[in-house]
Amino acid sequence: SQQGEEDPQALSIQEGENATMNCSYKTSINNLQWYRQNSGRGLVHLILIRSNEREKHSGRLRVTLDTSKKSSSLLITASRAADTASYFCATDAQRNNNDMRFGAGTRLTVKP
Amino acid sequence: NAGVTQTPKFRVLKTGQSMTLLCAQDMNHEYMYWYRQDPGMGLRLIHYSVGEGTTAKGEVPDGYNVSRLKKQNFLLGLESAAPSQTSVYFCASSYSYYNEQFFGPGTRLTVL
């Protein structure tokens, strides 16, 4: 069963706009990771946030984590056409931290 | 550095045939993983390894076997392929469970 679930399933925006994707999970975690997948390619790691952290930044990416609500969000600011991809959150489970569970992903389309 | 490589990139099998997928990493990572990705779904963990000579079951292990005889290689075997195993298979590696995972480019397998 999937641990993380992304919302929305698909998002279409204009270049320059911000994109926000959400991830909800069910059980307590040690860390949460966001990955990006371009069509037909493998996943690329974006950001890892630990359960004792609330926010992390990397370039145009901002990730927040709310462990009380068991949710995380990924914000991409000033989006570009090259940001078009699927974005996945992945969580471990505290009881078995070797077992990462991925959500079904958010398909982001950035129109030029 | 090549990172994570997968062989082959594409394969078509008939029901009942067997095959082995090879994953190799040159980053000296301890942890290696095999996932499958089906349309509209996230990645699901098949098997993983926390070091040379070790393997463990993930979320969907049935119908697959794995071996980690060398630290840099992780093999995924299908003894008797079934149409339900048609999928894209991704290998990944990481330094430890709380570090980012590096993914290979994937193997697209079709079982007729």
Side-chain angles (χ1 to χ4, degrees), chain A residues 1-10 21 23-53 56 58 61 63 65 85-107, chain B residues 2-7 9-10 21 23-25 27 29-51 54-61 66 68 74 87-109:
Chain A
S1 62
Q2 293 173 331
Q3 161 75 314
E5 294 186 4
E6 292 88 347
D7 172 66
Q9 291 184 336
M21 288 158 272
C23 171
S24 59
Y25 56 92
K26 299 173 183 174
T27 62
S28 296
I29 61 172
N30 294 303
N31 66 70
L32 183 146
Q33 302 182 40
W34 283 93
Y35 288 83
R36 163 196 172 122
Q37 183 181 35
N38 288 85
S39 182
R41 309 289 290 274
L43 278 70
V44 175
H45 182 265
L46 297 176
I47 287 184
L48 180 153
I49 186 165
R50 305 197 192 285
S51 59
N52 61 352
E53 297 175 314
K56 287 190 82 169
S58 177
L61 306 181
V63 168
L65 178 64
S86 292
Y87 293 82
F88 296 89
C89 70
T91 55
D92 64 356
Q94 281 188 345
R95 60 174 173 77
N96 180 10
N97 49 36
N98 293 317
D99 188 350
M100 295 290 291
R101 298 292 174 98
F102 286 78
T106 292
R107 174 68 188 169
Chain B
V4 179
T5 58
Q6 293 183 231
T7 308
K9 290 185 170 53
F10 303 94
L21 281 67
C23 176
Q25 53 96 3
M27 294 172 282
H29 285 165
E30 292 291 338
Y31 286 59
M32 296 188 75
Y33 314 83
W34 275 108
Y35 296 91
R36 60 177 289 172
Q37 184 177 34
D38 300 299
M41 299 185 69
L43 276 71
R44 290 183 292 169
L45 183 65
I46 304 171
H47 287 280
Y48 64 94
S49 168
V50 301
T54 74
T55 62
K57 295 180 180 180
E59 183 184 1
V60 289
V66 288
R68 182 100 181 266
F74 196 29
S87 188
V88 181
Y89 291 85
F90 288 99
C91 176
S93 71
S94 65
Y95 183 71
S96 70
Y97 80 90
Y98 52 81
N99 292 111
E100 65 180 287
Q101 295 185 22
F102 292 82
F103 282 81
T107 295
R108 186 173 295 275
L109 175 66

Largest heavy-atom contact set with chain B, pairs under 4.5 Å, which of A:Gln33, A:Arg41, A:Glu6
A:Gln33
Could you pull out the closest heavy-atom pair between A:Leu48 and B:Glu100, with the gap in Å?
CD1-N, 4.3 Å
So for B:Phe102, is it side chain, backbone, both, or neither that comes closer than 4.5 Å to the heavy atoms of chain A?
neither
Contact part of A:Arg50 toward chain B, heavy-atom cut-off under 4.5 Å: side chain, backbone, both or neither?
side chain
Which atoms of A:Gln9 are under 4.5 Å from chain B, going by heavy atoms: the side chain, the backbone, both sets, or neither?
neither
With a 4.5 angstrom heavy-atom cut-off, which part of B:Gln6 approaches chain A: side chain, backbone, both or neither?
neither
Is A:Tyr35 reaching over with its side chain to a backbone N or O of B:Gln101, donor-acceptor style, under 3.5 angstrom?
yes
Of the listed B:Phe103, B:Tyr35, B:Phe90, the one with the largest count of heavy-atom pairs under 4.5 Å with chain A is B:Phe103
